[in-house]
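Naming: A, B, ... by sequence-line order, numbering from 1 per chain.
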Amino acid sequence: MAKQTITTREKDYSQWYLDIVKEADLSDYSPVRGCMVIKPTGYAIWEMIQQGLDKRIKDTGHVNAYFPLFIPVSFLTKEAQHVEGFAPEVAVVTHHRLESDGKGGLVPAAPLDEPLVVRPTSEAIIGDSFSRWVQSWRDLPLLINQWANVVRWELRTRPFLRTAEFLWQEGHTAHTTHDEAEEETLKILHEVYSDFLENVMAIPVFKGQKTEKEKFAGALRTYAIEAMMQDGKALQAGTSHNLGQNFAKAFEIKFQGQNQNEIEYAWTTSWGVSTRLIGALIMAHSDDDGLVLPPRLAPTQAVIVPIYKTDDEKAATLAAAEQLKAAIGDKARVKIDARDNVTPGFKFNEWEVKGIPVRIEIGPRDVANQTVVLGRRDRPGKEGKRFVSWAELPEALPALLEEIQTALYDRAKAFRDAHVTDVASYAELAAAVETGFARAWWAGSREDEDKIQLELKATIRCIPLEADQPGGEGVCVLTGQPATQQVLFARSY
RNA sequence: CGGGAUGUAGCUCAGUUUGGCUAGAGCGUCCGCCUUGGGAGCGGAAGGCCGCAGGUUCGAGUCCUGUCAUCCCGACCA
């Protein structure tokens, strides 16, 4: 039987998460507090996320570029809301040389004329570039994305969910009108973020608008996708901001219009998702046996484990494995685990902990019968095992992978639906956020939100977009006033 | 930034209460044999500035002072 090295979700959800990260070999701690080493297994998942998003970003007309890591501190002060939001957590570079202190140590020696901020996000430095790139209406829209690392000196960190340094993509665009910027903001939310999470990561998301209290520092409006984790808490998985003309005014992004001599400020947007998505992935699908990867995202979709005793059997099973891998070709991403120094049982467990969607076993009996055993990760034990002939495998495997993909999405969706409660009173709201999301009519103020956060540790995650809004009118869950919109409350990561 | 805990082998930890001979275990690693359909077994070996600095003492992993770091919980977190 498997050694239990992973804390169960029921016993300690937070520890379970940390155990999965460790046992699946996704990341390692670093000598610097809050920073993280992303190990090859974890980085391979990030590369899959990058590929899927990069394609969608380019398909919607954007191009990649790269902007500097360092930002003059004065840039950050140009947009008042922005500086207020980020100042508490920026890392600052103040010197550029180390000299010996005479005792074997090194001390910073040469102060910079102007301190440099290590980017916590790039609206400022990109706004500065945009101010020079945009002169005419012909220069718009300007549709840029960058893949980069950013630093936010967080006080409390957790692997992938919140780290001092993290990897992300940030899109930055400039447009001629408010409506065009708004359209861009929503297009990213739907066609890039939501599409990728639901169809590739198999994570159902709520798409909605942030309240004034929760929106991005400096934005006109913020939209987000919110996912539910298995403990019923919310994780903001991606954001898309309509920045209005706030940053254009702060950074002088101006253009001359088509039919007039007047100079206008551009309308800009920004949007991003990060390595936090790996945290979302873990908490959406994994179980007490380890990581569970949705097939479309899995860097390796199936592992062939040969089983043998004698040299002859070894030769026969390995040859069969190679033959089957070749027959599958590019229909699935398959790896052969030919390691000779660990037992099949060890391999089974290792690939299970690492979340590989399908395991293919080939032993002497299978060679004789021209079959393999397929085991699916989302259904542990005998229940998920079945025999398939060699001839059927190249078709059966991709079909099984798609079946698992759908099953994972359906399972996550069913879980989420079962943990969203419509609430009509404060008592019901308080009870609902203990175990999941609460949907409520809302007409409260920002102060009312603060009060609920203080008392219930829950915030308004979003005001769901039309598709999820019932329309009509109701009664505010807190104030009893007439309300025209519903919101989702939850505790969040 | 507040509260709690921990720093001893690559990893997880025991030993510290009550100072005392050459600092231990399990896992992992290396070598050999044997094994392989759900984390095998036996034998052998390597591996330590006991976080760092100072102090008390005949003697410090253990007591005292200081310091650094990490982890967990909370507050904060576009």
Side-chain angles (χ1 to χ4, degrees), chain A residues 1-7 12 14-15 17-19 22-23 28-36 79 81-90 103 105 120-123 150 152-159 161-164 166 168 170 210-219 221-224 236 238-241 243 246 270-274 276 289-290 305-311 313-314 317 337-353 359-368 371-373 375 380-382 384-385 387 450 453-454 457 459 492-493:
Chain A
M1 279 275 82
K3 282 185 220 166
Q4 201 57 53
T5 50
I6 296 171
T7 307
D12 184 344
S14 178
Q15 188 60 49
Y17 175 80
L18 294 169
D19 287 348
K22 180 162 174 281
E23 293 299 318
D28 203 359
Y29 290 104
S30 94
V32 178
R33 185 194 64 80
C35 290
M36 145 181 96
E79 212 292 329
Q81 296 294 317
H82 193 58
V83 65
E84 193 183 324
F86 283 104
E89 56 190 35
V90 292
K103 294 178 285 190
T121 179
S122 301
E123 278 76 8
V150 289
R152 298 177 188 180
W153 216 255
E154 301 283 358
L155 295 170
R156 174 134 155 69
T157 60
R158 318 181 63 170
L161 293 175
R162 176 166 287 107
T163 47
F166 57 90
W168 76 345
E170 51 180 323
K210 289 289 182 180
T211 62
E212 285 299 301
K213 169 175 154 61
E214 299 285 330
K215 75 176 186 184
F216 178 75
R221 274 188 293 280
T222 289
Y223 297 95
Q236 178 177 298
T239 50
S240 185
H241 316 291
L243 302 173
N246 294 343
S270 69
W271 27 276
V273 299
S274 70
R276 170 182 268 195
D289 295 324
V305 179
I307 299 157
Y308 47 81
K309 287 193 178 71
T310 65
D311 283 348
E313 287 171 350
K314 179 179 174 181
T317 52
D337 186 352
R339 286 176 297 174
D340 211 6
N341 57 334
V342 289
T343 64
F346 182 92
K347 293 176 184 176
F348 296 165
N349 282 283
E350 177 169 331
W351 296 119
E352 206 160 88
V353 170
R359 184 181 61 250
I360 304 173
E361 306 173 19
I362 308 178
R365 292 201 294 273
D366 300 303
V367 172
T371 60
V372 295
V373 175
K382 280 225 155 57
K385 280 195 176 190
F387 286 93
D450 289 339
Q453 178 172 14
L454 199 66
K457 293 179 188 163
T459 50
S492 73
Y493 280 96

Could I get a table of every N or O pair under 3.5 Å where one atom is in the protein and the other is in nucleotides 66-73 of chain B?
from	atom 1	to	atom 2	distance (Å)
B/U70	OP1	A/R33	N	2.6
B/C73	OP1	A/S14	OG	2.8
B/C73	OP2	A/R156	NH1	2.8
B/C73	OP2	A/R156	NH2	2.3
B/C73	O5'	A/R156	NH2	3.4

Whole-Å gap separating [atom2] ([N]) and [atom1] ([X]):
{"X": "A/D289", "N": "B/G39", "atom1": "CG", "atom2": "C1'", "answer": "12 Å"}
{"X": "A/K385", "N": "B/G38", "atom1": "NZ", "atom2": "C1'", "answer": "7 Å"}
{"X": "A/E313", "N": "B/G37", "atom1": "CD", "atom2": "P", "answer": "12 Å"}
{"X": "A/K22", "N": "B/C11", "atom1": "NZ", "atom2": "C1'", "answer": "7 Å"}

**Report entry** With A/N341 via side chain to side chain donor-acceptor pair (under 3.5 Å) - residues at least two apart
**Finding:** none
Report task. For A/R158, enumerate each residue passing the side chain to side chain donor-acceptor pair (under 3.5 Å) test, keeping only those at least two apart in sequence or located in another chain. Result -> A/S14
Residue [X], side-chain atoms from C-beta onward, closest of [options]:
{"X": "A/N349", "options": "B/U36, B/G39, B/A75", "result": "B/G39"}
{"X": "A/V353", "options": "B/G39, B/G37, B/G38", "result": "B/G39"}
{"X": "A/K457", "options": "B/C77, B/A75, B/G38", "result": "B/A75"}
{"X": "A/P344", "options": "B/G38, B/U36, B/C77", "result": "B/U36"}
{"X": "A/P364", "options": "B/G39, B/G37, B/A75", "result": "B/G37"}

Below 3.5 Å between N/O atoms, which protein atoms pair up with nucleotides 40-42 of chain B? Just atom names and distances, please.
from	atom 1	to	atom 2	distance (Å)
B/A40	OP2	A/T343	OG1	2.8

Query - Dot-bracket line, read 5' to 3' along RNA chain B, where crossing pairs take [ ] and | marks a partner on another strand, Watson-Crick or G-U under 3.5 Å - result: (((((((..((((......[...)))).(((((.......))))).....(((((..]....))))))))))))....
Query raised in the report: Just checking A/V373: base, sugar-phosphate only, or nothing, at a heavy-atom cut-off of under 4.0 Å?
Result: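 Touches a base.
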Query raised in the report: A/T157: what forms a side-chain contact (heavy atoms from CB on, under 4.5 Å) with it, not counting sequence neighbours?
Result: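 Scan of A/T157 (side-chain contact (heavy atoms from CB on, under 4.5 Å), adjacent residues dropped) gives A/R33, A/E154.
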